[in-house]
Engineer: 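Mind having a look at this structure? Questions to follow.
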Amino acid sequence: MALHVYNSLSRQKELFVPLHEGHVHMYVCGPTVYNDAHLGHGKTYVNFDVIVRYLRYLGYKVLYVQNITDVGHLLDSGEDRIIQGARRERMHPMQLAEMYTRRYFRDMDRLNVLRPDISPRASGHIPEMIDWIQMLIEKGYAYEVNGSVYFSVAKFKDYGKLSGRRLEELRAGARVEVLEEKRDPADFALWKKADPAHIMQWTSPWGRGYPGWHIECTVMSIKYLGQPFDIHGGGVENKFPHHECEIAQAEAATGKPFARYWLHNGMLMIRGEEMHKSLGNFITLEQAFERWDPMVIRFFILQGHYRSPLDVTDEALDAAGRGLQRLLGTVRTVRRRLASAAEGEAAPQVLEILEEGRRRFEESMDDDFGTPEAIAALFEMTREVNTWLNAERAPSKGSLQAIDDLYRRLAGDVLGVLPEKLEEEMGAGLATKLIQLLVDTRSKLRQAKQWELADTIRDELAELGIQLQDGPEGTTWTLL
RNA sequence: GGCGACGUAGCCAAGUGGUUAAGGCAGGGGUCUGCAAAACCCCCACCGUCGGUUCGAGUCCGACCGUCGCCUCCA
């Protein structure tokens, strides 16, 4: 089965065929860098990271662009989020944006999210935005009033095609006070006039001002990916108005389609509610990392489908951590035995187990990136591999290598939940040697049947997070 | 009020017309072990409620109940 993806635009699963064979151009709405990233950001960018990784696994050359919004998001009060943050932190807005941009990448790195190929900053693309707005004015889709420019939604007949909304409903249901300078309550701002006190402002044909919220994504995605491009991703909560407006700006200006496949991921919930500052259930990634390994958080996220909402509880995260340990435990065993394995071809039985696992994994991923099922396939394969390892006294190097390779590709390259080196493999340091010394000493005690002392050593190491396993070929240990 | 999504075991979560409803965690019973741990084996759901369509529905349709999202900034 070839890759199928659910396209929000058509509301159905479609065969994925990129515009240019072998290449995928993809854009995902990035963060507004005025605050620390939270678990919800974690879910979104892990979800799209796996999509990028799987496309690459399939052999596509992916150009992945994700913007950094450092200007342009307005609060209800009309205040810029970045400026509000800058006031709070007593910093220059650009200093604040830079600080949170770095923290964002730091958090994403820990979640093993691959960096986008291009991370364009909105503030660095003001001239391109101005040009684009000019084009919209010239074509009659936008109008200037008092130094601000608005997009006239009534002129763009496809407005609402993504979110399934009609203009009448929008006007009727408008909950915000309507600026009287807009010709139509549903019109949205492309450029806002800045009062002199506004710190972030630029010169434009309409006077000093700053760009509206939606224009940056239209301009930067097309600048780096062309028009149309293959995939546009983002959270469902941005379907309207943000993505709808992006489409309007892009397609009205050029008459060409914008993005071909729209992928929207579901929200992360805390005990059944959307994570939100005002609800007091806001968990930053940094806070979460204090309690859970970033890989565990990543694994937990991938146990749900990207389009579904995902409910976070302490219990569920703990459970995910134990599950991941089982998977890593097998890789650990394989790598350990690989060190002393005899040369030899891979056993046909092993190749059969691996082939079936790989087939099921790909089949699940091909169906709209079904990571939960792909992980299930991995668990079932793991059980069979373990059974085989238990039975095989001297597995050949070829067999072990084949197993390790497949885990590296599926759990490592695609899902990104397999660290390059497991904890125990990293240490050639003093701690490792001391642990080995204790383990060896305990082995001698066991040979002498001094169970009590041997058990004490085991228990006390366990309290330090070092778990011992006595097997027929000696004692091994694992760092939990 | 309008638009949309969802409701599957103690918890998380796949499945979306057809033999025994994935997987993980927890729980119970075993094998292995000096005892453990790890691993492995076995057990553990009639799919929100009611009605309908169908030879056959968790899977389609309708109503109701409940939860959530969007309509305003949000990943």
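Note that these values count all heavy atoms, side chains included, but never hydrogens, waters or copies made by symmetry. Labels below follow one simple rule: chain letters A, B, ... track the order of the sequence lines, proteins then strands, and each chain is numbered from 1.
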Engineer: Hey, does A:Q469 reach any base, or is it just sugar-phosphate, or nothing, if we go heavy atoms under 4.0 Å?
Structural biologist: base

Engineer: Is there a donor-acceptor contact under 3.5 Å from the side chain of A:S308 to the main chain of A:G304?
Structural biologist: no

Engineer: Pick the C1' atom in B:rU49 and in B:rG56, then give their distance to the nearest Å.
Structural biologist: 22 Å

Engineer: Check each residue of residues 365-383 of chain A for a non-hydrogen atom within less than 4.0 Å of any atom in RNA chain B, then write out the ones that pass by number, or none.
Structural biologist: A:P372, A:E373, A:A376, A:F379, A:E380, A:R383

Engineer: Could you give the distance from CG (A:N35) to OG1 (A:T284), rounded to the nearest 0.5 Å?
Structural biologist: 9.0 Å

Engineer: Nearest to the A:N390 side chain among B:rC40, B:rG34, B:rA26, which nucleotide is it?
Structural biologist: B:rC40

Engineer: Could you work out which one of B:rA39, B:rA75, B:rG24 sits closest to the side chain of A:N386?
Structural biologist: B:rA39

Engineer: So which of A:V334, A:V331, A:L328 actually passes side-chain contact (heavy atoms from CB on, under 4.5 Å) with A:Y407?
Structural biologist: A:V331

Engineer: If we ignore hydrogens and angles and just use 3.5 Å, is the side chain of A:R298 paired with the main-chain N or O of A:L111 as donor and acceptor?
Structural biologist: yes

Engineer: Can you see whether A:T69 engages A:E216 through a side-chain donor-acceptor pair at a distance of less than 3.5 angstrom?
Structural biologist: yes

Engineer: Please determine, for the side chain of A:W451, which listed nucleotide (B:rC71, B:rG34, B:rA26) has the closest atom?
Structural biologist: B:rG34

Engineer: Within this structure, what is the CZ-to-P distance between A:R337 and B:rA39, rounded to whole angstrom?
Structural biologist: 15 Å

Engineer: Show your reasoning for whether side chain to side chain donor-acceptor pair (under 3.5 Å) applies to A:S399 and A:S396.
Structural biologist: CA-CA 5 Å; A:S399 296; A:S396 69; 3.1 Å; yes

Engineer: If you measure from the C1' atom in B:rC73 to the same atom in B:rC65, how many Å do you get, rounded?
Structural biologist: 32 Å

Engineer: Side chain of A:P241: nearest nucleotide among B:rC40, B:rG34, B:rC71?
Structural biologist: B:rC71

Engineer: A:H305 near the nucleic acid: base, sugar-phosphate alone, or nothing, with a heavy-atom cut-off under 4.0 Å?
Structural biologist: sugar-phosphate

Engineer: Using the ring pair (Phe, Tyr, Trp, His ring centres under 6.0 Å) criterion, which residues pair with A:Y6? Sequence neighbours excluded.
Structural biologist: none

Engineer: Scan residues 41-55 of chain A against RNA chain B and write down, sorted by residue number, each residue with any heavy atom closer than 4.0 Å; if none is found, say none.
Structural biologist: A:H41, A:T44, A:Y45

Engineer: Considering only atom P, compute the distance from B:rC68 to B:rG52 and round it to an integer number of Å.
Structural biologist: 31 Å

Engineer: If you check the A:D470 side chain, which of B:rG24, B:rG34, B:rA38 turns out closest?
Structural biologist: B:rG34

Engineer: Using only heavy-atom distances, determine whether the side chains of A:D70 and A:Y34 contain a donor-acceptor pair under 3.5 Å.
Structural biologist: no

Engineer: Would you say the side-chain atoms of A:E362 pair up with the backbone N or O of A:R359, donor to acceptor, closer than 3.5 Å?
Structural biologist: no

Engineer: Which atom pairs link the protein and nucleotides 17-19 of chain B when you take only N or O atoms and keep those under 3.5 Å?
Structural biologist:
none

Engineer: Would you mind classifying the nucleic acid contact of A:G329 as base, sugar-phosphate or nothing, using non-hydrogen atoms under 4.0 angstrom?
Structural biologist: nothing

Engineer: Determine the interplanar angle of the A:F258 and A:W262 rings, folded into 0 to 90°, and report it as parallel if under 30°, tilted if 30 to 60°, perpendicular if over 60°.
Structural biologist: tilted

Engineer: Sort out for me which residue in A:L302, A:L324, A:V417 forms a side-chain contact (heavy atoms from CB on, under 4.5 Å) with A:I375.
Structural biologist: A:L302

Engineer: For A:F240 and B:rC3, give me the distance from atom CZ to atom P, rounded to whole Å.
Structural biologist: 15 Å

Engineer: Which one of A:Y104, A:F105, A:Y306 satisfies the ring-ring contact (aromatic ring centres under 6.0 Å, His included) criterion with A:Y45?
Structural biologist: A:Y104

Engineer: Should A:S308 be listed as having a side-chain N or O under 4.0 Å from OP1 or OP2 of B:rC6?
Structural biologist: no

Engineer: What's the verdict on side chain to side chain donor-acceptor pair (under 3.5 Å) for A:E452 and A:T456, showing C-alpha distance, side-chain angles and the deciding distance?
Structural biologist: CA-CA 6 Å; A:E452 204 176 317; A:T456 302; 5.9 Å; no

Engineer: A:N67 side chain to A:G30 main-chain N or O, any donor-acceptor pair under 3.5 Å?
Structural biologist: yes

Engineer: Got a sec? Which of residues 263-270 of chain A come in under 4.0 Å of RNA chain B, heavy atoms?
Structural biologist: A:M267, A:L268, A:M269

Engineer: On RNA chain B, compare the nucleotides closest to A:R11 and A:N238; which residue's is nearer the 5' end?
Structural biologist: A:R11

Engineer: Taking for each residue the nucleotide of RNA chain B bearing the nearest heavy atom, is the 5' side occupied by A:Y306 or by A:K239?
Structural biologist: A:K239

Engineer: Look at A:R326 and B:rC40 and indicate whether a side-chain polar atom (N or O) is within less than 4.0 Å of OP1 or OP2.
Structural biologist: yes

Engineer: Would you check if A:D367 and A:K13 make a side-chain contact, meaning some heavy-atom pair closer than 4.5 Å?
Structural biologist: yes

Engineer: Please work out which residues in residues 311-321 of chain A have a non-hydrogen atom less than 4.0 Å from an atom of RNA chain B and list them by number.
Structural biologist: A:D311, A:E315, A:A316, A:A319

